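Quick notes on the structure that follows.
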Amino acid sequence: MLFLTLLSIIFPCLATDLDSQIPFNVVQGSFPVPNATRSFWTHGAPDANPLAREGSHGQLTPEADVCIIGSGITGVSAAYHLANANIPLNVAVLEARDFCSGATGRNGGHLTPSLFSGFRSRRALHGEADAVRSYLLEHHTASSILSFIGRHNLSQAVDLVHGGHLRLFFTQSEEESARADYQAAIKAGWNPDEHVRWLDANQMNETYGTPYPSYGTSFAHNLWPLKLVTQLYRRASASASLNLTLHTHTPVLSIKKATQAGRKWSLDTPRGHISCSTVIHATNAYGSQLVPSLSSIIIPTRGQIIAAETTVTSPESVRLPEAGSWGANAGFEYWFPRPNSTTVILGGGREASDGEYNLIDDSVVNPRVGETLRSFLPRVFAAIKMEVKVTMEWTGIMGYTKSGNPIVGKIADGQFITLGYNGHGMPRAYGCAEAIAGMIAAELQGKKWDMPPWFPKHYLIQ
């Protein structure tokens with residue numbers, strides 16, 4: 001049986017280093033709802049999700065060396081990294097809904113690694129060296145994804161947009177805290193100076209029509225997340241060493257000890273059983289459905305996003321940038337314009353409710369959150385006459401943790417997890433999946449896993 005008490009023993013009382021105000025309640029594990037709202041990323045183009053129902057009919061793969069539960073950026077990145085390990089493997093990916101229908105596929109798009117935000121808190125909790133590694137992981141992830149896109153000439157295929165990132169400060173204390181974190185990071189030897197510029201309120205008002213100071217970074221991109229995951233899957237599937245199978249609309253109902261010789265686990269689905277030797281849990285907010293002890297660790301959190309057509313009338317000297325991404329309000333709001341269009345993707349507004357914590361239903365939207373999103377840009381860019389017409393509105397369920405950190409590692413013989421990205425999956429999931437794939441590859445070859453120098457120890461289940 002599963003070692004269900006492991007995580008509660010390891011993490012009996014975790015401090016929060018990103019959001020100390022999360023109201024935590026134990027939530028009974030649940031499957032994703034079947035009728036999710038239509039996301040711009042999944043339904044905004046006719047060909048947005050060519051793998052949507054791949055493997056949803058016909059015979060279920062009876063056995064595999066590795067079963068990956070979840071076809072989002074974590075699960076598919078794990079398959080991709082296993083392919084790069086050059087070990088002959090049969091790998092099956094199981095998904096409860098359409099391909100890549102989780103939080104990153106529905107909500108994501110910002111490939112923006114954190115540079116120094118929260119550094120002093122992370123240093124106090126985890127030590128200086130490991131605090132630095134938490135930023136190194138995000139830079140490794142972003143750099144690796146950009147390298148993947150470049151090697152295969154996929155910039156157009158995944159709608160990659162360069163243009164940097166600007167973070168607005170709504171309060172003086174927020175700016176002072178950011179500058180203190182920045183200086184502490186530099187003092188620790190982590191120097192993001194080449195990417196950072198600080199702009200005062202006058203500069204922001206003259207250039208962009210907003211009265212809030214900011215800092216900017218050039219090392220930031222945005223893209224179409226579902227298209228990226230599709231390309232990762234296709235490259236993994238083309239690997240000579242990996243026999244990769246995808247079964248969408250095939251939720252895993254339970255995991256039991258296998259009765260088949262040579263296999264450790266049997267995964268029960270509505271379409272039958274699949275036996276395997278290794279299981280990767282890549283279900284993020286839904287992790288406690290199959291690992292009940294995660295119900296005291298993972299906080300399902302509903303994110304809400306709009307796609308809006310913007311009409312702007314402003315002086316020629318004041319304009320919104322045509323590319324790049326933005327964040328504000330301590331990260332509660334994030335947005336970016338779509339390339340070569342007047343469409344803006346804007347997420348956040350959770351401060352208008354109770355934070356949307358402990359919610360697992362992405363078939364509905366919260367009207368109060370929607371009102372906040374609709375009024376946000378005209379209010380922040382008050383010097384610009386702006387009209388916002390919402391064309392799509394949707395929700396997606398993110399996985400937050402009590403610690404504010406992802407949880408990565410082995411939970412039982414042949415079972416691994418990587419989840420809990422706290423709304424910051426794009427710069428974290430790919431790297432965490434690489435670590436899990438490395439652990440599995442080492443185990444299969446009877447070797448010791450060497451933790452990469454960019455991976456933070458405090459993400460690991462010890």
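Quantities reported herein were computed from a predicted structural model and do not represent experimental measurements.
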Short side-chain donor-acceptor distance under 3.5 Å, S239 and Y80: no
For the residue pair T401 and N422, confirm or rule out a side-chain donor-acceptor distance under 3.5 Å. yes
Separation between CG of L94 and OG1 of T283, rounded to the nearest 0.5 Å: 11.5 Å
Side-chain donor-acceptor pair present, S277, R263, cut-off under 3.5 Å: yes
At their closest point, which heavy atom of V93 faces which heavy atom of G70, and how far apart are they? CG1-O, 3.8 Å
Side chains of H249 and R97: do they bring a donor and an acceptor to under 3.5 Å? no
Reference residue Y334; test side chain to side chain contact (heavy atoms under 4.5 Å, CB included); the match among I305, N329, I345, L346: I305
Considering non-hydrogen atoms only, spot the tightest contact between A308 and V388 and give its length. CB-CG1, 3.5 Å
Modelled atom types, side-chain donor and acceptor of S325 and H165, under 3.5 Å: yes
Does Y430 have its ring centroid less than 6.0 Å away from the ring centroid of H140? no
So, does T269 use its side chain to make a donor-acceptor pair with the main chain of G272 at under 3.5 Å? yes
Could you tell me whether R167 and E333 have a side-chain N and a carboxylate O separated by less than 4.0 Å? no
Under 3.5 Å, is there a donor on one side chain and an acceptor on the other for H110 and N222? no
Check: R234 main-chain N/O paired with S237 side-chain donor or acceptor under 3.5 Å: no
Using a strict 4.0 Å threshold on nitrogen-to-oxygen distance, state whether K264 and D413 make a salt bridge. yes
Would S353 and E356 count as having a side-chain donor-acceptor pair, cut-off 3.5 Å? yes
Ring centre gap for W335 and F376 strictly below 6.0 Å: yes
Could you walk me through whether Y421 and T104 pass the side-chain contact (heavy atoms from CB on, under 4.5 Å) test, one step at a time? CA-CA 10 Å; Y421 304 116; T104 298; 5.8 Å; no
One thing to verify: whether R123 and D130 come together as a salt bridge, which I'm taking to mean a side-chain N less than 4.0 angstrom from a carboxylate O. no
CH2/W454 to OG1/T141 distance, rounded to the nearest 0.5 angstrom? 6.5 Å
Side-chain donor-acceptor pair under 3.5 Å between S71 and E95, yes or no? yes
Can R151 and S147 be counted as having a side-chain donor-acceptor contact under 3.5 angstrom? yes
Does K257 make a cation-pi contact with W265, if we ask for NZ or CZ under 6.0 Å from the ring centre and within 45° of the axis? yes
Would you kindly say whether H247 and T61 are connected by a side-chain donor-acceptor distance under 3.5 Å? yes
With rounding to the nearest 0.5 angstrom, report the NZ to CG distance, K227 to L160. 12.0 Å
Look only at the side chain of T395 and the backbone of V364, and say whether a donor-acceptor pair between them is shorter than 3.5 Å. yes
Closer than 3.5 angstrom, by distance alone: can the side chain of N284 be matched with the main-chain N or O of G420 as a donor-acceptor pair? yes
Short question: side chain of W224, backbone of W41 - any donor-acceptor pair under 3.5 Å? yes
Are the side chain of S241 and the backbone N or O of P88 linked by a donor-acceptor pair below 3.5 Å? no
So if I apply the side chain to side chain contact (heavy atoms under 4.5 Å, CB included) rule between R106 and each of P225, C100, S39, which one comes out positive? S39
What about the rings of Y135 and H139, do their centers lie closer together than 6.0 Å? no
Is Q415 reaching over with its side chain to a backbone N or O of I411, donor-acceptor style, under 3.5 angstrom? no
Would you indicate whether the side-chain heavy atoms of L419 and I407 approach each other to under 4.5 Å? yes
Whether over 12 other heavy atoms sit under 6.0 Å from Q59 CD: no
Under 3.5 Å donor-acceptor, E63 side chain and S275 backbone: no
Heavy-atom donor-acceptor pair, T248 side chain to E54 backbone, under 3.5 Å: yes
Is it true that E309 and T343 share a donor-acceptor pair across their side chains at a distance under 3.5 Å? yes
Is the backbone of P292 close enough, under 3.5 Å, to the side chain of S295 for a donor and an acceptor to pair up by distance? yes
Between the side chains of R271 and T250, is a donor N or O closer than 3.5 angstrom to an acceptor N or O? yes
If I take atom CG from residue L267 and atom NE2 from residue H273, how far apart are they, to the nearest 0.5 angstrom? 10.0 Å
Closest heavy-atom pair and its distance - A78, A437: O-CB, 4.0 Å
Exercise: identify the closest heavy-atom pair between T42 and R38: OG1-C, 4.5 Å
